[in-house]
Amino acid sequence: MKLTTTSYKRSEYKRGYLRVNGTFASEKGSSKNHRRFSADVSDGDKIDARGSEFLGGDGRSRWSAPRGQWAQLTVANGKLAATDFDGNPIPTPSWARLEVQL
């Protein structure tokens with residue numbers, strides 16, 4: 001499985017990142033507004049990431065775009081789940097996507 005995260009450049013206070021089992025994933029690409037990180041993951045990996053996504057069109061400017069968010073991610077049975085600093089479940093962020101490779 002491949003996990004891809006995005007980080008909105010213009011609102012990054014602390015830079016986005018993806019870390020799997022303690023190893024930082026390198027940046028896999030960027031566009032004018034976003035940086036992308038990607039790593040191969042499997043069930044049971046310890047994953048933490050910081051990211052954000054802003055696609056515009058909702059009336060906000062780049063200055064009021066979503067700020068970076070930290071999440072601890074887990075993969076179980078091909079599904080992605082997220083928790084906060086305290087281990088409480090949170091909705092899976094829109095900036096994290098899990099692709100199952102065949």
Side-chain angles (χ1 to χ4, degrees):
M1 292 178 276
K2 185 169 285 292
L3 176 63
T4 303
T5 63
T6 60
S7 185
Y8 184 62
K9 290 179 186 176
R10 303 192 189 277
S11 69
E12 288 181 337
Y13 170 67
K14 295 182 178 177
R15 296 180 65 110
Y17 69 89
L18 171 61
R19 186 168 53 186
V20 179
N21 296 325
T23 304
F24 285 95
S26 59
E27 184 176 328
K28 294 298 181 184
S30 64
S31 66
K32 178 181 177 185
N33 293 321
H34 289 91
R35 298 181 321 128
R36 287 181 302 282
F37 301 88
S38 184
D40 291 323
V41 296
S42 58
D43 286 356
D45 284 345
K46 183 176 177 173
I47 307 163
D48 67 298
R50 177 185 293 278
S52 61
E53 187 173 43
F54 180 59
L55 302 176
D58 60 1
R60 291 184 285 183
S61 71
R62 66 182 185 177
W63 306 112
S64 60
R67 298 288 178 221
Q69 175 188 18
W70 180 89
Q72 185 171 8
L73 305 169
T74 56
V75 178
N77 299 324
K79 302 284 184 190
L80 192 62
T83 57
D84 62 11
F85 279 113
D86 299 322
N88 301 318
I90 59 173
T92 304
S94 63
W95 47 264
R97 292 175 189 81
L98 184 65
E99 302 169 18
V100 178
Q101 300 170 335
L102 301 175

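Of all the heavy atoms in L73 and A49, the pair that sits closest is CD1-CB, 4.3 Å. In plain terms, the two heavy atoms of G78 and V100 that are nearest each other are O-CG2, 4.4 Å. For the pair I47 and L18, the tightest heavy-atom approach, listed with the atom from each and the gap, is CG2-CD1, 3.8 Å.
Here OG of S94 is found 12.0 Å from CZ of F54. Values are rounded to the nearest 0.5 Å.
Within the structure, the salt bridge (charged side-chain N to carboxylate O under 4.0 Å, His left out) test picks out the following pairs touching residues 70-99 (sequence neighbours left out): E53-R97.
Annotation: side chain to side chain donor-acceptor pair (under 3.5 Å) contacts of R19 (sequence neighbours excluded): D48. Residues passing the side chain to side chain donor-acceptor pair (under 3.5 Å) test with K2, sequence neighbours excluded: D40. When the side-chain contact (heavy atoms from CB on, under 4.5 Å) test is applied to Q69, the partners found at least two apart in sequence or on another chain are I90, P93, W95.
Without hydrogens or angle criteria, H34 side chain to G29 main chain gives no donor-acceptor distance under 3.5 Å. Within the 3.5 Å criterion, the main-chain N or O of G51 finds no donor-acceptor partner in the side chain of T5.
Note on F37: it clusters hydrophobically with V75, by side-chain heavy-atom contacts below 4.5 Å among ILVMFWY residues.
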Side-chain donor/acceptor pairs under 3.5 Å, residues 20-27, sequence neighbours excluded:
| unit_1 | atom_1 | unit_2 | atom_2 | d |
| --- | --- | --- | --- | --- |
| N21 | OD1 | K46 | N | 2.9 |
| N21 | ND2 | D45 | OD1 | 3.1 |
| E27 | OE1 | R35 | NH1 | 3.0 |

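Contact annotation: the side chain of T83 never approaches that of T74 to less than 4.5 Å [non-hydrogen atoms, C-beta and beyond].
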